Amino acid sequence: MVKFPYRERNDMSVYVISDLHGCYEEFMAMLEKISFSGYDELYIAGDICDRGKEPIRLLRTIMEMKNAHLIFGNHDIWLARYAPDLITGKKHPSHLYFLGNDFRTWLYLNGGTVTMDQFMDQSMPVCHDMRKYLEDNRRFYQELTILGKKYLIVHAGLGSYCQAGIHISEVPEYELVWPHIGLDDNPFEDVTMIVGHYPTFLYGSRYEGKIAHGKNLIHIDCGCVYGRTLGCIRLDDLKEFYVESTYPKV
Ligand SMILES: [Mn+2]
């Protein structure tokens, strides 16, 4: 009979991070900082790729982590949408010229070029693995109960569907990943929402590089790719962890 393996630690923890945007170095430093182990769980509240230096190295690392769970952000939607075209483009480069305005918006206005270039540099099997990972992991929210407390993790919030009585399953994908919400925009009395997408320094200088707490609402995008910090929160005790960004402040 197989014995249950010894545990490295006698507890497991749940962490949430978001808006990694290709910040591979900071992500690895964070895993080190929180002593992330095979017994912990990590939820990534969207936006692995674009803007930063190493989006594809970061994506491939996350794909290898069985206890890391992606919740889609707007940038993950873009890569998932265009991965099949990029694969076609590896064989037939002219294919990419016929893609429309949304493709160009991703590349030139939202930092997608670095992602596209690094994606195209991977071998064909790796490209297919990435495409499949994004297909298989396409989801937009996660509900969790930790020590009796309810949490809802979603990239941007509920957008214009932020109203009493709503259930997250009724909210269209677009509203979950795009809107910039207010500090307190959570309609739920008994659920703490955890969101990224809108860097906290934009809520005011007192949130510079810090996780921002609204009413039952925790904003964890600390603007790493904009030269602030990478933030991470542990849901068991709401302890916050920070890694300094290596990017210039913009
Ligand atoms: Mn976003």
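Computed from a prediction, not measured in an experiment: that's the story for all the values here.
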**Asked** Lys249: what forms a salt bridge (Lys or Arg N to Asp or Glu O under 4.0 Å) with it, not counting sequence neighbours?
**Response**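 So Lys249 forms a salt bridge (Lys or Arg N to Asp or Glu O under 4.0 Å) with Glu208.
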
Nearest 0.5 Å, what's the [atom1]-[atom2] distance between [X] and [Y]?
{"X": "Leu217", "Y": "Met193", "atom1": "CG", "atom2": "CE", "value": "5.0 Å"}
{"X": "Phe98", "Y": "Phe103", "atom1": "CZ", "atom2": "CZ", "value": "13.0 Å"}
{"X": "Arg138", "Y": "Ile77", "atom1": "CZ", "atom2": "CD1", "value": "5.5 Å"}

Which heavy atom in [X] sits nearest to a heavy atom in [Y], and how many Å separate them?
{"X": "Asp190", "Y": "Asn216", "value": "N-ND2, 4.3 Å"}
{"X": "His219", "Y": "Leu183", "value": "NE2-O, 3.0 Å"}
{"X": "Phe241", "Y": "Ile34", "value": "CG-CG2, 3.6 Å"}

| said: Any side-chain to backbone donor/acceptor pair from His21 onto Arg51? Under 3.5 Å, distance only. | reply: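 Not a single qualifying donor-acceptor pair exists.
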
Q | Six-ring centre of Tyr247, Lys53 cation under 6.0 angstrom, axis tolerance 45° | A |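 Satisfied, under 6.0 Å and within 45°.
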
Within 45 degrees of the axis of the six-membered ring of Tyr242 and under 6.0 Å from its centre: does Lys210 put its NZ or CZ there?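 Satisfied, under 6.0 Å and within 45°.
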
Do the side chains of Asp102 and Arg81 get close enough for a salt bridge, i.e. N-O under 4.0 angstrom?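 Salt bridge flag = yes for Arg81 with Asp102.
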
Taking 4.0 angstrom as the limit, do Arg234 and Asp237 come out as a salt bridge?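 Result for this pair is yes, salt bridge flagged.
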
Is there a ring-ring contact (aromatic ring centres under 6.0 Å, His included) between Tyr207 and Phe201 once you walk through the steps? CA-CA 5 Å; Tyr207 302 114; Phe201 63 86; over 10 Å; no

Exercise for the section: Decide whether Ser169 and His167 meet the rule of one side-chain donor and one side-chain acceptor closer than 3.5 Å. Expected result: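 Checked: Ser169/His167 side chains pair up, N/O donor to acceptor below 3.5 Å.
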
Margin query: In terms of relative ring orientation, are Tyr82 and Trp106 parallel, tilted or perpendicular, with 30° and 60° separating the classes?
Written below: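 Tyr82 and Trp106: parallel rings.
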
Identify all side-chain donor-acceptor contacts of residues 55-65 below 3.5 Å with residues at least two apart in sequence or on another chain.
unit_1	atom_1	unit_2	atom_2	d
Arg57	NH1	Glu54	OE2	2.9
Arg60	NH1	Gln122	OE1	2.7
Thr61	OG1	Arg57	O	2.8

